[in-house]
Amino acid sequence: MTTAAVTKNRRKFDPKRFLATIGDGRKILAVPKKQSIFTQGDVADAVFYIQKGKVKLTVVSKTGREATIGILSDGNFFGEGALAGQVLRMGSAAAMTDCDLLRVDKKSMIEALHREHAFSDMFVAYLLARNIRYEEDLVDQLFNSSEKRLARVLLLLAHFGKEGVPHGVVPKMSQETLAEMVGTTRSRVSFFMNRFRKLGFIDYSGGLEGGLQVHSSLLNIVLHD
């Protein structure tokens, strides 16, 4: 399934129409910035769809070490492990910005997938794309330097490669969060970010939200052997 096909399928998904087909098993949630959506160990009884905003997914080890495993935005699902027999949440989800979410309970989601074939096709395409991303993340972690991993994370967060996105702005986030996503220390992230800025790959004039402006020239780091 190509990225273009996934994007096309997502465009076919009308959240308002979907809401009308679910009935009592759905709920619209307005979640303020920094508020928890669910916590690791909670009962996995629903799937969430992001109508607006950004959500951070994290996991904490038994020793208390926290890792950021994903930053999701408009049009993304999360919590789908509930559909695959996951009884308890394997990680936590929190709002990075003010969010409008659609919460669909497990039973209603399964019924909708069986009933609405267009929605089912779109959801499967989304899961396949997410799985490919996880595989790419694993390869990146195993074989690439921390500098190259950071460059790739910034490009992904800025939505480079997506249709109709000539340049991107990464939402404001701490270097600690970037370090968790890359799998390195905050000091190394700081060092590379300063280097990227001096080389003109990034700058901090990211518009109204104060985000990070990422330029296509950052691809030079990812592509360099």
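We use all heavy atoms of the structure for the numbers below, so side chains are in, but hydrogens, waters and symmetry mates are not.
Criterion: ILVMFWY side-chain heavy atoms under 4.5 Å apart, direct or through other members. Under it, Val60 and Leu88 are not part of a common hydrophobic cluster. Hydrophobic clustering, with ILVMFWY side chains joined whenever heavy atoms are under 4.5 angstrom apart, groups Tyr204 together with Phe201.
For residues 77-92, the pairs satisfying salt bridge (charged side-chain N to carboxylate O under 4.0 Å, His left out) are Glu80-Arg130, with sequence neighbours left out. Within the structure, salt bridge (charged side-chain N to carboxylate O under 4.0 Å, His left out) pairs that include any residue of residues 37-52 comprise Asp45-Arg103 (at least two apart or interchain).
With sequence neighbours left out, Glu147 forms a salt bridge (charged side-chain N to carboxylate O under 4.0 Å, His left out) with Arg195. For the side chain to side chain contact (heavy atoms under 4.5 Å, CB included) test, residues two or more places apart in sequence or in another chain that qualify with Lys33 are Asp98. When the side chain to side chain donor-acceptor pair (under 3.5 Å) test is applied to Gln175, the partners found at least two apart in sequence or on another chain are Arg186. Partners of Phe192 under the ring pair (Phe, Tyr, Trp, His ring centres under 6.0 Å) rule, at least two apart in sequence or in another chain, do not exist in this structure. Shown here are the salt bridge (charged side-chain N to carboxylate O under 4.0 Å, His left out) partners of Glu66, two or more places apart in sequence or in another chain: there are none. Residues forming a side chain to side chain contact (heavy atoms under 4.5 Å, CB included) with Thr68 (at least two apart in sequence, or on another chain): Lys56, Thr58, Ile71, Thr177, Glu180, Met181. Qualifying ring pair (Phe, Tyr, Trp, His ring centres under 6.0 Å) partners for Phe123, counting only residues two or more places apart in sequence or in other chains: Phe77. Shown here are the side chain to side chain donor-acceptor pair (under 3.5 Å) partners of Arg197, two or more places apart in sequence or in another chain: there are none. For Asp105, the side chain to side chain donor-acceptor pair (under 3.5 Å) partners two or more places apart in sequence, or in a different chain, are Ser108.
Counting only heavy atoms from C-beta outward, the side chains of Thr97 and Cys99 approach each other to under 4.5 Å. Put simply, the side chain of Val47 reaches to within 4.5 Å of the side chain of Leu83, judged on heavy atoms.
Annotation for Val182 and Ser146: closest pair CG1-O, 3.7 Å, computed over non-hydrogen atoms. For Ala95 against Pro32, the heavy-atom pair with the smallest separation is CB-O, 3.4 Å.
Residue Phe78 is found in a hydrophobic cluster whose other members, listed by chain and number, are Leu29, Val31, Ile37, Phe38, Phe48, Ile50, Val55, Leu57, Val59, Ile69, Leu72, Leu101; membership requires side-chain heavy atoms under 4.5 Å apart, directly or through intermediates.
Listed for the Thr39 side chain is no donor-acceptor partner under 3.5 Å among the backbone atoms of Ser92.
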